Amino acid sequence: MAYFWFKAFHLIGVVVWFAGLFYLVRLFVYHAEASERDEPAQTILKAQYEIMEKRLYHIITMPGMVVTVAMAIGLISTEPEILKSGWLHIKLALVAVLLAYHFYCGRIMKRLAAGECNWTGQQFRALNEAPTVLLVVIVLLAVFKGSLPLDLTTWLIFGLVVSMVAAIQLYAKKRRQDKEKMLERIEQQTSASSAG
C-alpha cells in the first residue's frame with residue numbers, strides 16, 4: 001500500500017515541479033524583454049517579474065522538487081532491488097541533470113534581480129525547452145523500463161529537438177515582422193498627423 005501512496009505523490013510532485021520550471025523560465029523571458037521597454041514601464045515590470053519569480057521558485061517549484069525526490073526515495077525503499085536496473089541508473093542521471101537545471105534557474109533568478117544577466121528573451125526561450133526533452137526521456141524510461149526501443153526513442157528525441165529549434169526560430173521571425181509592422185504603422189500615423 002505504501003508503494004501506491006509514494007507513487008501518487010511522486011507523480012503530483014513531478015507535475016508541480018515541471019509546471020514551476022516551465023513557468024519560471026517563461027517569466028525570465030518577460031523579465032529580459034522588459035529591458036526593451038521605456039521607463040517607468042521597464043522598472044515596474046522588472047520589479048513585478050522579480051516578485052513573481054521568487055514566489056514561484058520558493059513556493060511552488062522548490063516544494064515540487066522536494067516532494068518528487070522524497071517520494072522517489074520512498075518508492076525505491078519499497079522495492080530496493082530496482083536499484084540494480086540499468087534504466088533506473090539512466091533515469092536517475094537525467095534527474096540529476098534536472099536538479100542542476102533547477103538550481104541553475106535559481107542562480108539566473110538572482111542574477112536577473114541584480115541586473116547582472118544579459119540573456120535575451122530568445123535565449124531564455126531556448127533554455128525553456130531543456131526540461132521538455134528531459135521530461136520526455138524520463139517518462140519514457142519510467143514507462144518502458146528495460147524495454148525502451150532506443151532507435152525509435154533516439155529519432156523521437158531528435159525530431160523533438162529539431163521541432164523546438166524550428167519553432168523558436170519561426171517565432172523570433174514573426175516577432176521581428178510584427179515589430180516592423182508596428183513601427184511602420186506608427187510612422188504612417190506620425191506622418192499623417194504632421195501633414196494634417
Side-chain angles (χ1 to χ4, degrees), residues 1-30 32 56-57 60-109 119-175:
M1 187 63 134
Y3 173 85
F4 294 110
W5 285 107
F6 287 137
K7 188 164 194 162
F9 282 97
H10 177 67
L11 292 171
I12 292 166
V14 168
V15 170
V16 172
W17 188 19
F18 272 92
L21 286 175
F22 287 134
Y23 189 47
L24 182 65
V25 182
R26 176 56 49 184
L27 288 175
F28 293 167
V29 171
Y30 301 142
L56 177 64
Y57 188 78
I60 295 172
T61 312
M62 187 67 79
M65 182 213 47
V66 169
V67 168
T68 300
V69 172
M71 295 302 108
I73 292 167
L75 276 168
I76 291 170
S77 74
T78 64
E79 296 183 330
E81 68 279 356
I82 200 167
L83 285 171
K84 297 174 185 170
S85 304
W87 68 268
L88 184 64
H89 298 163
I90 298 168
K91 180 183 172 190
L92 292 175
L94 293 172
V95 171
V97 172
L98 189 61
L99 286 164
Y101 176 88
H102 171 99
F103 290 109
Y104 182 66
C105 286
R107 192 167 150 233
I108 289 173
M109 182 179 68
W119 284 41
T120 65
Q122 184 79 356
Q123 289 169 313
F124 281 126
R125 281 184 181 86
L127 180 69
N128 201 27
E129 300 309 326
T132 304
V133 175
L134 289 169
L135 176 65
V136 169
V137 178
I138 290 168
V139 168
L140 289 173
L141 283 166
V143 170
F144 284 95
K145 298 186 181 356
S147 63
L148 182 65
L150 292 179
D151 52 347
L152 179 62
T153 304
T154 303
W155 283 109
L156 174 74
I157 299 305
F158 178 76
L160 180 66
V161 170
V162 168
S163 299
M164 288 188 290
V165 168
I168 290 168
Q169 294 303 319
L170 288 171
Y171 183 70
K173 183 178 178 181
K174 182 187 180 322
R175 282 176 49 94

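If you're wondering where the values come from, they're calculated on a predicted model, not measured in any experiment.
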Determine the minimum heavy-atom distance between [X] and [Y], stating which atoms define it.
X: Ala142; Y: Trp87; value: CA-CZ3, 4.0 Å
X: Thr68; Y: Gly64; value: OG1-O, 2.7 Å
X: Ala32; Y: Gly121; value: CB-N, 3.9 Å
X: Leu56; Y: Gly20; value: CD2-O, 3.6 Å
X: Val25; Y: Cys105; value: CG2-SG, 3.7 Å
X: Leu94; Y: Leu141; value: CD1-CD1, 3.8 Å

Exercise. Give the intermediate values and the outcome of side chain to side chain contact (heavy atoms under 4.5 Å, CB included) for residues Tyr57 and His102.
Key: CA-CA 9 Å; Tyr57 188 78; His102 171 99; 3.5 Å; yes
Flag side-chain contact, heavy atom, 4.5 Å: [X] against [Y]:
X: Val16; Y: Val67; answer: no
X: Asn128; Y: Val29; answer: no
X: Thr154; Y: Phe158; answer: no

Self-check item: Whether His89 side chain and Lys84 backbone form a donor-acceptor pair below 3.5 Å
Solution: no
Quiz item: Is the side chain of Gln123 donor-acceptor paired with the backbone N or O of Thr120 at a distance under 3.5 Å, no angle test?
Solution: yes
Quiz item: What's the verdict on side chain to side chain contact (heavy atoms under 4.5 Å, CB included) for Phe6 and Glu79, showing C-alpha distance, side-chain angles and the deciding distance?
Solution: CA-CA 12 Å; Phe6 287 137; Glu79 296 183 330; over 6 Å; no
For the [atom1] atom of [X] and the [atom2] atom of [Y], what is their distance to the nearest 0.5 Å?
X: Leu98; Y: Phe18; atom1: CG; atom2: CZ; value: 4.5 Å
X: Phe103; Y: Ile108; atom1: CZ; atom2: CD1; value: 14.0 Å
X: Leu92; Y: Ile76; atom1: CG; atom2: CD1; value: 5.5 Å
X: Ile157; Y: Leu152; atom1: CD1; atom2: CG; value: 10.0 Å
X: Ile82; Y: Lys91; atom1: CD1; atom2: NZ; value: 8.0 Å
X: Leu21; Y: Leu127; atom1: CG; atom2: CG; value: 10.0 Å

Exercise. Dump the intermediate steps for side chain to side chain contact (heavy atoms under 4.5 Å, CB included) on Thr132 and Phe22, then the final yes or no.
Key: CA-CA 9 Å; Thr132 304; Phe22 287 134; 3.4 Å; yes
Quiz item: Ile12 and Met71: side chain to side chain contact (heavy atoms under 4.5 Å, CB included), yes or no, with the steps?
Solution: CA-CA 10 Å; Ile12 292 166; Met71 295 302 108; over 6 Å; no
Quiz item: In terms of heavy-atom contacts, does CZ of Phe9 have more than 12 from other residues, nucleotides or ligands at under 6.0 Å?
Solution: no
Quiz item: Taking Leu135 as the fixed residue, which of Val139, Val133, Val137 is the one that meets the side chain to side chain contact (heavy atoms under 4.5 Å, CB included) rule?
Solution: Val139
